[in-house]
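I have placed the structure first, in the form of structure tokens, so that the comments after it can refer back to it.
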Amino acid sequence: LPKESFVAFSTRRLAAPRLAWLNGSKLSAEDAVAHTYCMPLAHESSENYLSDNRTQFADRYGGIGVGYCGGSARCGILGEIQIKGVGKNQLHGSKPGTAPEHWHSSGTLNIVEAGREAIWSTICNSVLPHGAVPALAIVLTGTRASASCVIAGREQAPLRALLLRSPALRPAHFLRNVHFDTANPPNVATCSDTLRTSAAINQLAMAFTKAFGLKSSGASSTTTINEGLIGMARRFAAQIAASFAKRTFHGGLCCSNIALDGRFLDFG
């Protein structure tokens, strides 16, 4: 993706992260702990964080099903890892005149949500033809998720967690986002969504080449894109048909919850 598809934000290192689950075949414990950076919340103590800061990048996307956010509103990419639950970044948005919905309003991820992601990505990788974007690790922050996620009758918010996974190209990365206002909040230092989409589409041939291993030498970008679109449609058809036949329904499938190569993601 081009630079126009990303916004940068600052995160801090956790003082006492605890590894709750690890996909040992994909990531080492040392690498998992090295990626324990997120944004402090108002109710969290400064003692839960160190002074070490790292810049993460949130990816912008659009399409039906994204709502009023500008993309990965509670995710950040650090190196080769995407971290879900890092806190609310500049891509968070809500419908004008309405209260923000509670699941994404704080940018947190709780241990139950993270567990679902790990379980379902593992199941889908085992039974579906194109699998899922792998969950790599779940790390507990030592704090609790936003109080806005408290279920009636529960005394306190659940444990806050970070989900580490591989980044993935999605159809949504190449679609317009007509609801997100890049000028609100004003600290979104980025280009318009029209320019973002145009710059992303200019990279679509390269994206398909990498996703499907297409031959790029001598082929025009139009040919590559056509081959990629056909390949994507075939993979989506096989993946969705298998998920219905095996009763492993995604439940929230949209253009941002499936990768270009047919893998499912975002199972919360």
Check: Thr36 and Arg13 side chains under 4.5 Å, non-hydrogen atoms: yes
Phe174 side chain reached by Thr197 side chain, heavy atoms, under 4.5 Å: no
Audit row: Phe180, Tyr68, ring pair (Phe, Tyr, Trp, His ring centres under 6.0 Å) steps and yes/no: CA-CA 5 Å; Phe180 182 66; Tyr68 288 84; 9.8 Å; no
Test log, rule side-chain contact (heavy atoms from CB on, under 4.5 Å), inputs Leu159 and Asn110: CA-CA 6 Å; Leu159 299 176; Asn110 65 55; over 6 Å; no
Presence of salt bridge, Arg176 and Asp193, under 4.0 angstrom: yes
Nearest heavy atoms of Leu19 and Ala29, plus distance in Å: CD2-CB, 3.9 Å
Pairing of Glu4 and Arg60 as salt bridge, 4.0 angstrom limit: no
Asn177 side chain to Tyr61 backbone, donor-acceptor under 3.5 Å: yes
same_hphob_cluster(Val66, Phe236) at 4.5 Å side-chain heavy-atom cutoff: no
Pairwise distance CZ(Arg247) to CZ(Phe249) - rounded to 0.5 angstrom: 6.5 Å
Ser46 and Asn48 side chains, donor-acceptor separation under 3.5 Å: no
Residue pair His130 / Arg235, side-chain donor-acceptor N/O under 3.5 Å: yes
Which residues share a side chain to side chain donor-acceptor pair (under 3.5 Å) with Thr11, sequence neighbours left out: Gln56
Partner residues of Asp266 under the salt bridge (charged side-chain N to carboxylate O under 4.0 Å, His left out) criterion, sequence neighbours left out: Lys84, Arg165, Arg170
Distance in Å, Glu80 CD paired with Leu27 CG, rounded so as to fall on 0.5 Å steps: 11.5 Å
Within one Ile-Leu-Val-Met-Phe-Trp-Tyr cluster: Ile119 and Leu128, side-chain cutoff 4.5 Å: yes
pair Ser5-His173: side-chain heavy atoms closer than 4.5 Å: no
Within 6.0 angstrom of Phe244 CZ, more than 12 heavy atoms from elsewhere: no
Within residues 21-43 or reaching into it, pairs that qualify as salt bridge (charged side-chain N to carboxylate O under 4.0 Å, His left out) - sequence neighbours excluded: none
Test item: side-chain donor near acceptor, Ser72 and Asp59, under 3.5 Å: yes
Close side-chain approach of Leu78 and Ile81, heavy atoms under 4.5 Å: no
Atom pair CD (Glu117) and CG (Leu109), whose distance is rounded to the nearest 0.5 Å: 7.0 Å
Close side-chain approach of Ile83 to Cys75, heavy-atom, < 4.5 Å: no
Stepwise side-chain contact (heavy atoms from CB on, under 4.5 Å) test for Ser166 and Leu136: CA-CA 7 Å; Ser166 301; Leu136 304 177; 4.0 Å; yes
Side chains of Cys255 and Leu175 in contact at under 4.5 Å (non-hydrogen atoms): yes
Between Thr141 and Thr143: side-chain donor-acceptor atoms closer than 3.5 Å: yes
Under 3.5 Å: donor-acceptor pair, side chain of Ser198, backbone of Thr194: no
Val133 with Ile123, same ILVMFWY side-chain cluster at under 4.5 Å: no
Geometric class of the His250/Phe264 ring pair [parallel <30°, tilted 30-60°, perpendicular >60°]: perpendicular
Any donor-acceptor pair under 3.5 Å from Lys88 side chain to Ala73 backbone: no
Cluster check Ile240, Leu260: I/L/V/M/F/W/Y, side chain < 4.5 angstrom: yes
Worked verdict on Leu91 versus Cys69 for side-chain contact (heavy atoms from CB on, under 4.5 Å): CA-CA 6 Å; Leu91 296 182; Cys69 290; 5.6 Å; no
Charged N-O contact under 4.0 Å between Glu113 and Arg74: yes
Between Asn53 and Tyr37: side-chain donor-acceptor atoms closer than 3.5 Å: no
All salt bridge (charged side-chain N to carboxylate O under 4.0 Å, His left out) counterparts of Arg54, not counting sequence neighbours: none
Heavy-atom side-chain contact between Arg160 and Leu41 under 4.5 Å: yes
Closest non-hydrogen atom pair between Ala8 and Phe57, with its separation: CB-CE2, 3.7 Å
Heavy-atom pair of closest approach, residues Ala32 and Leu22: CB-CD1, 4.2 Å
Side chain to side chain donor-acceptor pair (under 3.5 Å) against Ser45, all qualifying residues, sequence neighbours excluded: none
Minimum heavy-atom distance Ile77-Gly79, with the two atoms named: CG2-O, 3.6 Å
Any Ile138 side-chain heavy atom under 4.5 Å of Leu162 side chain: no
Check: Ser28 side chain, Gly24 main-chain N or O, donor-acceptor pair, under 3.5 Å: no
Taking every non-hydrogen atom, the tightest pair across Ala132 and Phe267: CB-CZ, 3.8 Å
Reported OG-to-CD1 distance for the pair Ser256 and Ile64, which is rounded to 0.5 angstrom: 11.0 Å
Donor-acceptor contact present, side-chain Asn23 to main-chain Ala137, <3.5 Å: no
Single-linkage hydrophobic cluster Ile201~Leu229, side-chain heavy atoms < 4.5 angstrom: yes
Interatomic spacing from CE in Met39 to CD in Glu44 - rounded to 0.5 Å: 11.0 Å
Atom of Pro171, atom of Ala259 and distance for their closest heavy-atom approach: CD-C, 4.2 Å
Within 6.0 angstrom of Lys3 NZ, more than 12 heavy atoms from elsewhere: no
Inter- and intrachain pairs under ring pair (Phe, Tyr, Trp, His ring centres under 6.0 Å), touching residues 193-214, at least two apart: Phe208-Phe212
Trp21 CH2 to Leu163 CG distance, which is reported to the nearest 0.5 Å: 8.0 Å
